[in-house]
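A short write-up of the structure that comes next.
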Number of protein chains: 2
Amino acid sequence: MDPRLPDGTSTGTESRILLESLRLFAHHGYPATSVRAIAAAVGVKAPSLYEHFPTKEHILARIVHIGHQALLASFERTIAGCGPDPVSQVRELVRTDVLVHVTYPLLAIVANDELHHLSPARAADVLALRERAEQIALDAGRRGAEQGVFDGTELVATTAAIASMGVRAPYWFIPTPAYGPAELADAYAELAIRMLRPSSPHRDGRGGG
Amino acid sequence: MDPRLPDGTSTGTESRILLESLRLFAHHGYPATSVRAIAAAVGVKAPSLYEHFPTKEHILARIVHIGHQALLASFERTIAGCGPDPVSQVRELVRTDVLVHVTYPLLAIVANDELHHLSPARAADVLALRERAEQIALDAGRRGAEQGVFDGTELVATTAAIASMGVRAPYWFIPTPAYGPAELADAYAELAIRMLRPSSPHRDGRGGG
DNA sequence: GTCTATAGTTCGATAGAC
DNA sequence: GTCTATCGAACTATAGAC
């Protein structure tokens, strides 16, 4: 898998360091990736890296921050770009969530799995970004519940379940020409709506719980 | 969080080594956990560990194997203990999946996150267990689709989404007296059925996709 | 089955030349 | 901004006494 970062994050050698670090962190994990291995992948010697980042942890911190910032920014653009209907909002938020995760799979994996290797202060900065994104999603769910288009019970568990779907996607999804990120995003958005919509006891057959 | 392993896996010092390793691997990851740290947690010196396990990797291999074996065995018991109705089967499989994951949260986290630190041969043994469990779940979904009680389209994505819900549960779920593992298992089982059941285009409002 | 002592390697990071 | 050389610490694992 080829490492990828959202555009405009950095340039030149610094960008190559981030990309190779992303690839190595995703494959071996942060503690198992040596500074020497990163340098070799970039094509320089280890001390040269310290001209661009003061420590190895700063490289991870940058990557993890980019990952969480990308998701939050995408959520904010999404919610700003769709109307007040909670069903549309959830559909578009789930689509965005899936697209971000499978467009930058290694970034999503590292941002989530290696976050806890950051110092508590740096991790807290990142978790604040994550909570803002979670709030956007939860708010849409709550508005839908208030309007009666969503089942108000189990909203926390359901929101967590929907988020889990997107978080796990980079671990298994391999796009093909016939079934790419857009198809998965559409499928997951539909699943999310089914999960949130009140069961209809008046339907033929059983009505669900 | 207190580390926990399914009963009957080992005894005495070996068991304490596994439990403390589980706790440390979950908190810091396998590569960042030193043999000295495990020994200190157990209350012995590092060389003593080598009387019980030939290498550090063997400790991880045992833990990862226990985790996957526990899920597979639970799936086999579950499918053997419920009737031929695919809806009941999926409901019980999801309930089992959630209960196993949140009853042994650290075990589930380490078994999934640290698997790739095993040698290819040892990882392959574990992945074989995982695939047998996945087959059990996929078979139930396929039978439901054949009988028309489940939506046959998007079965792969839907199965992956349902599995994602259970895999992620240990990372966020904190049981309370009012809402414990059984409640989450019931809620997720209901979500899974909603995801799998064909949408009813004749319902009032939109019919979905 | 525990210990002390240590071999042999690799680690993150720095000094200083160019 | 890259290099060579290296420091001091930490690592997994072993040897051998008890």
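To find a chain, count down the sequence lines: A is the first, B the second, and so on, and within it residues start at 1.
- Distance, B:Phe53 CZ to C:dT2 P: 12 Å, rounded to whole Å.
- For the residue pair A:Tyr171 / A:Asp113, a side-chain donor-acceptor distance below 3.5 Å is found, with atom types taken as modelled.
- Taking the side chain of B:Thr13 as heavy atoms from C-beta on, and the options C:dT4, C:dT14, C:dT2, the nearest nucleotide is C:dT2.
- Residue B:Thr55 has its side chain nearest to D:dA13 when only D:dA13, C:dG12, C:dT2 are considered.
- Counting only heavy atoms from C-beta on, B:His52 has its side chain closest to C:dG1 among C:dG1, D:dC11, C:dA13.
- Taking 4.5 Å as the limit, every side-chain heavy atom of B:Leu107 sits out of range of all side-chain heavy atoms of B:Val100.
- Using the six-membered ring where Trp is involved, B:Tyr30 and B:Phe25 have ring planes that are perpendicular, over 60° apart on the 30 and 60° scheme.
- For the pair A:Tyr50 OH and C:dA13 C1', the computed distance is 5 Å after rounding to whole Å.
- In the model, A:His65 has no side-chain atom that pairs as donor or acceptor with a side-chain atom of A:Arg122 under 3.5 Å.
- If you take CD1 of A:Ile38 and C1' of C:dT10, they are 15 Å apart, rounded to a whole angstrom.
- Between D:dC11 and B:Ser34, a contact under 4.0 Å exists linking OP1 or OP2 to a side-chain N or O.
- The interatomic distance linking A:Arg36 (CZ) with C:dT14 (P) rounds to 13 Å, in whole Å.
- Of the two residues near DNA chain C, A:Glu51 and A:Pro31, the one whose nearest nucleotide lies more 5' is A:Pro31.
- Atom-to-atom, NE2 of B:His58 to P of D:dA13 comes out at 10 Å; the value is rounded to the nearest Å.
- Checking A:Tyr188 against A:Glu183 by side-chain atom types alone, no donor-acceptor pair falls below 3.5 Å.
- Nearest nucleotide to the side chain of A:Lys45, out of D:dT4, C:dC11, D:dT14: D:dT4.
- We find that CG of A:Leu49 is positioned 14 Å from P of D:dT4, with the value rounded to whole Å.
- Minimum atom distance to the side chain of A:Ser48 is reached by D:dT2, of the listed D:dT2, D:dT14, C:dT2.
- At the phosphate of C:dG12, OP1 or OP2 sits under 4.0 Å from a side-chain N or O atom of A:Lys56.
- Listed candidates were C:dG12, D:dA5, D:dA13. Nearest to the side chain of A:Pro47 is D:dA5.
- Where B:Ala46 and A:Ala32 meet DNA chain C, the nucleotide closest to each residue was compared, and B:Ala46 sits on the side nearer the 5' end.
- Between the C1' atom of D:dC11 and the CD atom of B:Glu57 lies a distance of 16 Å, rounded to the nearest Å.
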